[in-house]
Each structure stands twice: as structure tokens, then as C-alpha cells.
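Everything numeric in this text was worked out from a predicted model, so none of it was measured. Note on naming: letters A, B, ... go to the chains in the order of the sequence lines (proteins, then strands), and numbering restarts at 1 for each one.
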Amino acid sequence: MAKDFPSRAENYAQWYNDLVIKADLAENSAVRGCMVIKPYGYAIWEKMQAALDDMFKKTGHVNAYFPLFIPKSFFSREASHVEGFAKECAVVTHYRLKNDPEGKGIVVDEEAKLEEELIIRPTSETIIWDTYRNWIQSYRDLPLLINQWANVVRWEMRTRLFLRTAEFLWQEGHTAHATKEEAIEETERMLDVYSDFAENWMALPVLKGFKSPNERFAGALETYCIEALMQDGKALQAGTSHFLGQNFAKAFDVKFLNQSNQLEYVWATSWGVSTRLIGGLIMAHSDDNGLVLPPKLAPLQVVIVPIYKLPEQLAAITEKAVQIKNALEEKGISVKYDDRDTFKPGWKFNEYEFKGVPVRLAIGPRDLENGTVEVARRDTLEKAVFQITDIENKVINLLDKIQKNLFQKAYAFRENNTHQVDSWEEFCDVIENKAGFISAHWDGTPETEQKIKEETKATIRVIPLDAKTEHGKCVYSGKPSTKRVIFARAY
RNA sequence: CGGGGUGUGGCGCAGUUGGCUAGCGCGCUACGUUCGGGACGUAGAGGUCGCGAGUUCGAGUCUCGCCACCCCGACCA
């Protein structure tokens with residue numbers, strides 16, 4: 001299958017595109033800008049969903065579902081929100097087709113024009129807050145902690161599989177609280193959930209922090225984010241959590257009676273991660289031999305390949321392989337025994353390597369004699385021979401080791417590609433010649449950020465939560481600054 | 001929406017100054033030999049050359065128009 005695809009060094013963008021398609025994760029669809037997520041790619045998403053959903057439930061949230069369509073008027077209620085999304089909204093104007101009177105197929109029935117046009121949701125704050133108005137009367141109704149798994153549409157001009165498509169899958173949490181403090185606490189809690197997920201499931205180290213006003217969500221008072229670094233030195237926003245203040249409560253008139261019998265506006269948060277995470281997962285770990293998946297998200301964790309010449313050998317190997325498979329499955333490991341006779345072992349090795357299966361076991365006649373199995377790990381491509389005794393625990397240990405190794409590798413990469421910079425010359429040099437994160441002082445003004453963006457295409461990715469206070473000078477304007485922020489070019 | 005590029009079996013491509021039956025590799029089907037890192041042989045199947053006009057005795061090839069996709073920019077998770 002995928003013998004020839006470019007290395008990361010040759011052409012990183014092409015490497016990514018080819019990998020997504022040749023590893024059977026997704027493909028472009030008949031609809032411009034929209035992708036088909038294929039079973040192997042969707043299986044990764046399902047694993048992500050399962051882990052995240054569990055984390056949401058454990059932090060007290062419940063799932064619900066709101067409509068795909070949003071009345072246009074809802075959108076205009078929150079000024080900065082409309083402004084932020086207006087340019088990328090798909091609009092439904094009619095509800096019926098008819099046969100073309102001139103016999104040229106099917107056309108829109110102009111008589112079936114909607115009285116009020118419907119927006120296809122780019123995000124659901126407006127429809128949800130319009131609904132919450134009826135759900136919230138008293139402090140006893142709060143907090144309201146709801147998540148929805150959904151698709152959304154943002155009409156992007158340029159798209160890339162997983163990283164930016166016109167339609168994508170995500171989850172959006174929308175919560176309502178009685179106090180500002182509680183809402184901020186929720187915003188921060190969910191940021192922690194995201195970083196926990198990124199680091200412990202995706203093996204992707206992330207920086208936690210705030211967005212600058214320029215990068216803030218349309219309608220939010222504060223946007224928190226987790227930001228990751230990809231292998232080409234570009235940043236990827238991996239998740240956002242927004243403190244919305246009372247903006248949406250005011251726009252949709254959502255009030256509650258507090259314990260002192262006073263009417264107050266509700267405090268809000270929203271937070272989301274999308275199928276973009278799959279793009280991040282690919283770009284963070286994969287190599288020139290194909291996909292590399294962290295064991296905790298790999299649809300298939302272990303593959304067993306038999307090596308044989310004669311049918312009798314296969315029969316004996318199969319017996320052993322099925323034993324191992326059962327033992328692993330009992331421990332909750334997903335295993336495939338690939339006994340297809342139509343492909344040679346070498347072909348299978350390459351195939352599973354390309355698809356990022358973390359561990360491969362090979363059993364041949366020699367192993368049968370010695371009571372051994374050949375174990376190959378995808379992350380380092382190392383092979384070793386294990387005694388078959390207690391193989392399930394050995395494999396579990398190995399999977400754990402791979403998971404940790406991927407994180408450590410990615411962490412070391414980020415450390416090696418984060419540059420502390422104190423002059424503008426240095427800043428430009430790093431952006432042009434090294435890429436990666438730049439830690440530098442910023443005077444805190446949107447104007448300076450804008451100038452830097454125009455001159456270098458780098459933006460402030462994150463103002464780290466743990467940034468220590470130190471006195472310095474803005475790398476661009478020379479004005480005083482009290483902490484460093486992280487700049488990078490971004491996806 | 002600007003700038004560049006590409007449309008030929010499932011995939012990747014070749015096809016000369018217009019010329020006869022449109023080729024090659026991979027993949028696919030059948031049979032046989034193979035099987036510890038992408039095996040080989042033999043025999044097959046598969047194409048209105050993106051669409052529409054035009055020029056010509058003759059168009060994959062030339063002209064005009066359209067469409068689609070990809071890459072680079074402006075917008076963004």
C-alpha cells in the first residue's frame with residue numbers, strides 16, 4: 001500500500017495529507033471542504049469521545065442535544081458573537097425543491113422561502129442560552145452543567161483534513177452558574193480536564209493559559225486554552241474553555257432569584273474540543289514510517305502475525321496465538337490475530353507499522369520450539385524476543401512504556417523548541433529559521449500583537465497560567481512588561 | 001476572491017510536430033511455486049482520455065468556453 005510518501009523533512013504538509021489518506025483515517029468528500037472520516041479514523045474519535053465523556057460525567061456534567069439550525073435573529077443578540085462568526089456561516093433559506101419547469105432537473109422552489117432564515121450552527125451558545133431562559137428561575141436550578149456531542153459548520157476558505165474542515169465533530173459544554181467565581185472555577189476545571197486528557201491519553205504535552213484579547217472567543221470575557229507544539233514547529237490550539245461572564249445571560253435574558261430574593265443574571269462558561277485533536281495526534285507522534293498512535297487511543301493495540309510455511313505449522317501457531325489473544329483480551333487489550341494467508345508476513349509488518357499499531361507480536365516455528373514470541377514496538381521500532389510465559393503482563397507493561405515514551409519524546413521536543421527571546425532581531429531569526437514556541441515579553445497591547453502578526457505571521461498562542469512575574473521589555477515595542485507570553489506560527 | 005498547477009482503467013503516471021488497435025507501474029481475478037521485513041511466474045478483467053462546442057479526412061494531442069480538484073496568499077478551531 002503506502003510505500004511511497006514523502007518524509008517530514010521533504011514536505012511536512014504533504015507528509016501529513018498522505019498519511020491521513022493512506023492510513024485510511026479520512027478522505028476528501030464530494031462536498032468541498034468536508035471530509036469523510038473512515039472507520040479507522042472514526043475509531044480514534046470514538047476512543048477520544050469515550051475518555052472525555054467519562055471525564056465530563058465525573059465532573060458532574062450530563063449530555064443533551066440542541067438543534068443544528070439556529071434562527072438568524074438569535075445570532076444578532078450578542079454583538080461580538082455575531083461579528084466573530086458572521087463571515088463563516090452557512091444559511092438555510094428555503095425548505096423545498098421542485099422539478100424545474102424547463103425540465104432541467106431539480107431546482108429550489110422560490111415559493112418555499114423561509115420567513116426567518118436559519119443558520120447552521122457554528123457553535124451553539126445562542127440556541128442554548130435561549131433555551132436555558134426557560135430552565136432557570138431559581139438559584140436552586142444552578143449550576144446547570146450540560147455537554148453536547150455534535151457537528152458544527154464553519155465555512156472555511158481553505159481546509160485541511162481534521163485540522164480545518166467546513167464541517168467538524170466536537171463537543172461543546174455550556175454551563176450556567178450563580179456566581180462569577182463559580183463560573184471561573186468551572187472554566188478552569190474544564191481546562192484541567194482537557195490538559196489531563198491531552199497529556200495522559202494523547203501523550204501530548206500542552207501549555208495551559210489565556211488567549212490574548214485578539215484571539216479570544218467571540219463573546220467571551222476570558223478564553224483559556226491548551227496549546228501544543230507540532231513536529232514542524234507550528235502551534236496547535238488543542239482545546240478552549242471560555243468564561244462568558246453574563247454576556248449571553250443578558251443577551252437572552254436568563255435571570256434567577258438568588259437566596260436574598262433578588263433577580264440576577266446567570267454566569268456562563270463554554271468549552272470544546274473537536275476532531276482537530278486527531279490532526280494534532282497525528283502530527284505530534286507520527287514518523288516517516290507512518291502513523292504512531294499512543295496505546296490508550298489506538299483502535300488496535302496489539303496485532304499478532306503468524307510466520308509459517310506449512311499448514312501444520314499455521315495450525316500449531318494459531319493455537320498459541322489464540323491463547324495469547326484471549327489472555328490479552330481478558331486484560332482489556334484490543335488484539336487482532338491476522339492469519340490471512342493472502343499476505344506475507346513482511347507485508348503485514350509494514351501495513352501495521354504504517355497504521356501505527358503500538359505492539360506487534362510475531363510467532364513462527366522457531367518461537368514455538370523455544371516458547372518465545374517476537375515483540376516489536378512501533379514507537380522505537382525495536383524488536384525483542386520474549387518468553388511467552390506471562391506474556392499478557394509483559395505486553396501491558398510495554399504498552400504503558402510506549403504511552404509514557406511518546407509523551408516524553410513530545411515533551412523533550414517541545415523543550416528543545418521553546419526559545420527564550422529578548423530582542424526583535426532574535427525573534428525574527430527564530431521564527432524564520434527555527435520555528436517552535438517563542439517565550440518573550442509583550443507590552444500587553446493588541447496593536448503590538450497585530451504588528452508582530454503582520455511582520456512575522458506569529459501570534460500569541462498562550463499567556464501561560466504559570467508565567468512568573470519578571471520585569472522586562474516588550475520584544476517589539478520596548479515598553480515595560482511583567483511576564484513572558486508564548487508566540488508561534490499556528491495551524 | 002487573487003496567483004500558480006493538474007484533470008487519461010481503482011491508484012500513480014507516459015502519450016513526440018494531430019495519425020491507425022490509447023500504453024506503463026501498482027492494485028485487482030484465476031492457477032501454481034513461495035512465506036522470520038513489502039515474493040515470483042503464467043493467464044486474465046478493467047478506459048465514452050473532466051464536460052461542451054469548434055478546426056480537421058482524422059483530436060487524448062490544436063482553439064474557445066465551462067467544471068472540478070490541488071498548492072500558495074487574505075479569514076479561522
Salt bridge [X]-[Y], side-chain N to carboxylate O under 4.0 Å:
X: A:E432; Y: A:R489; value: yes
X: A:R461; Y: A:E215; value: yes
X: A:R8; Y: A:D288; value: yes
X: A:R366; Y: A:E369; value: no

Is any side-chain N or O of [X] closer than 4.0 Å to OP1 or OP2 of [N]?
X: A:K344; N: B:rA39; value: yes
X: A:N11; N: B:rC71; value: no
X: A:N28; N: B:rC70; value: yes

[atom1] atoms of [N] and [M], separation to the nearest Å:
N: B:rC13; M: B:rG46; atom1: P; value: 24 Å
N: B:rA14; M: B:rG9; atom1: C1'; value: 14 Å
N: B:rA39; M: B:rG27; atom1: P; value: 9 Å
N: B:rG23; M: B:rG4; atom1: P; value: 36 Å
N: B:rU29; M: B:rU8; atom1: C1'; value: 24 Å
N: B:rG58; M: B:rG3; atom1: P; value: 37 Å
N: B:rG10; M: B:rG47; atom1: C1'; value: 12 Å
N: B:rU16; M: B:rA74; atom1: C1'; value: 42 Å

Could you check whether [X] gets within reach of a base, just the sugar-phosphate, or nothing at all, counting any heavy atom under 4.0 Å?
X: A:R160; result: nothing
X: A:L163; result: base
X: A:T165; result: base
X: A:K211; result: nothing
X: A:E156; result: base
X: A:F217; result: nothing

Which of these nucleotides, [options], is closest to any side-chain atom of [X]?
X: A:E353; options: B:rG37, B:rC35, B:rA77; result: B:rG37
X: A:N350; options: B:rG38, B:rC71, B:rG36; result: B:rG38
X: A:K87; options: B:rA77, B:rC75, B:rG36; result: B:rC75
X: A:E374; options: B:rC70, B:rA77, B:rG36; result: B:rG36
X: A:K309; options: B:rG38, B:rC35, B:rA77; result: B:rC35

Inset, instruction - Quick one: sort the A:Y132 and A:W129 rings into parallel, tilted or perpendicular, breaks at 30° and 60°. - result: perpendicular
Inset, instruction - Hey, can you tell me if A:F210 and A:Y224 have their rings parallel, tilted or perpendicular (30° and 60° cut-offs)? - result: tilted
Legend entry - Ring centroid separation A:F217 to A:H81 under 6.0 Å: yes
Atom [atom1] of [X] and atom [atom2] of [N]: how far apart are they, to the nearest Å?
X: A:E455; N: B:rG73; atom1: CD; atom2: P; value: 18 Å
X: A:I307; N: B:rU34; atom1: CD1; atom2: C1'; value: 15 Å
X: A:I363; N: B:rC35; atom1: CD1; atom2: C1'; value: 16 Å
X: A:E351; N: B:rG27; atom1: CD; atom2: P; value: 13 Å
X: A:F343; N: B:rG38; atom1: CZ; atom2: C1'; value: 11 Å
X: A:F349; N: B:rA39; atom1: CZ; atom2: P; value: 11 Å
X: A:M35; N: B:rC70; atom1: CE; atom2: P; value: 14 Å
X: A:N17; N: B:rC69; atom1: CG; atom2: C1'; value: 13 Å

Inset, instruction - Name the residue closer to the 5' end of RNA chain B, choosing between A:S274 and A:M157 according to the nucleotide with the nearest heavy atom. - result: A:M157
Inset, instruction - Would you kindly compare A:R366 and A:A490 by the position of their nearest RNA chain B nucleotide and give the one closer to the 5′ end? - result: A:R366
Legend entry - Paired and unpaired positions of RNA chain B as dot-bracket, Watson-Crick or G-U wobble under 3.5 Å, | denoting a partner strand: (((((((..((((.....[...)))).((((((.....)))))).....(((((..]....))))))))))))....
Inset, instruction - Identify whether NZ of Lys or CZ of Arg in A:K234 sits under 6.0 Å from the centre of the six-membered ring of A:Y491 and within 45° of that ring's axis. - result: yes
Legend entry - More than 12 heavy atoms of other groups within 6.0 Å of A:Q450 CD: yes
Legend entry - Gap separating the OG1 atom of A:T448 from the NZ atom of A:K453, nearest 0.5 angstrom: 14.5 Å
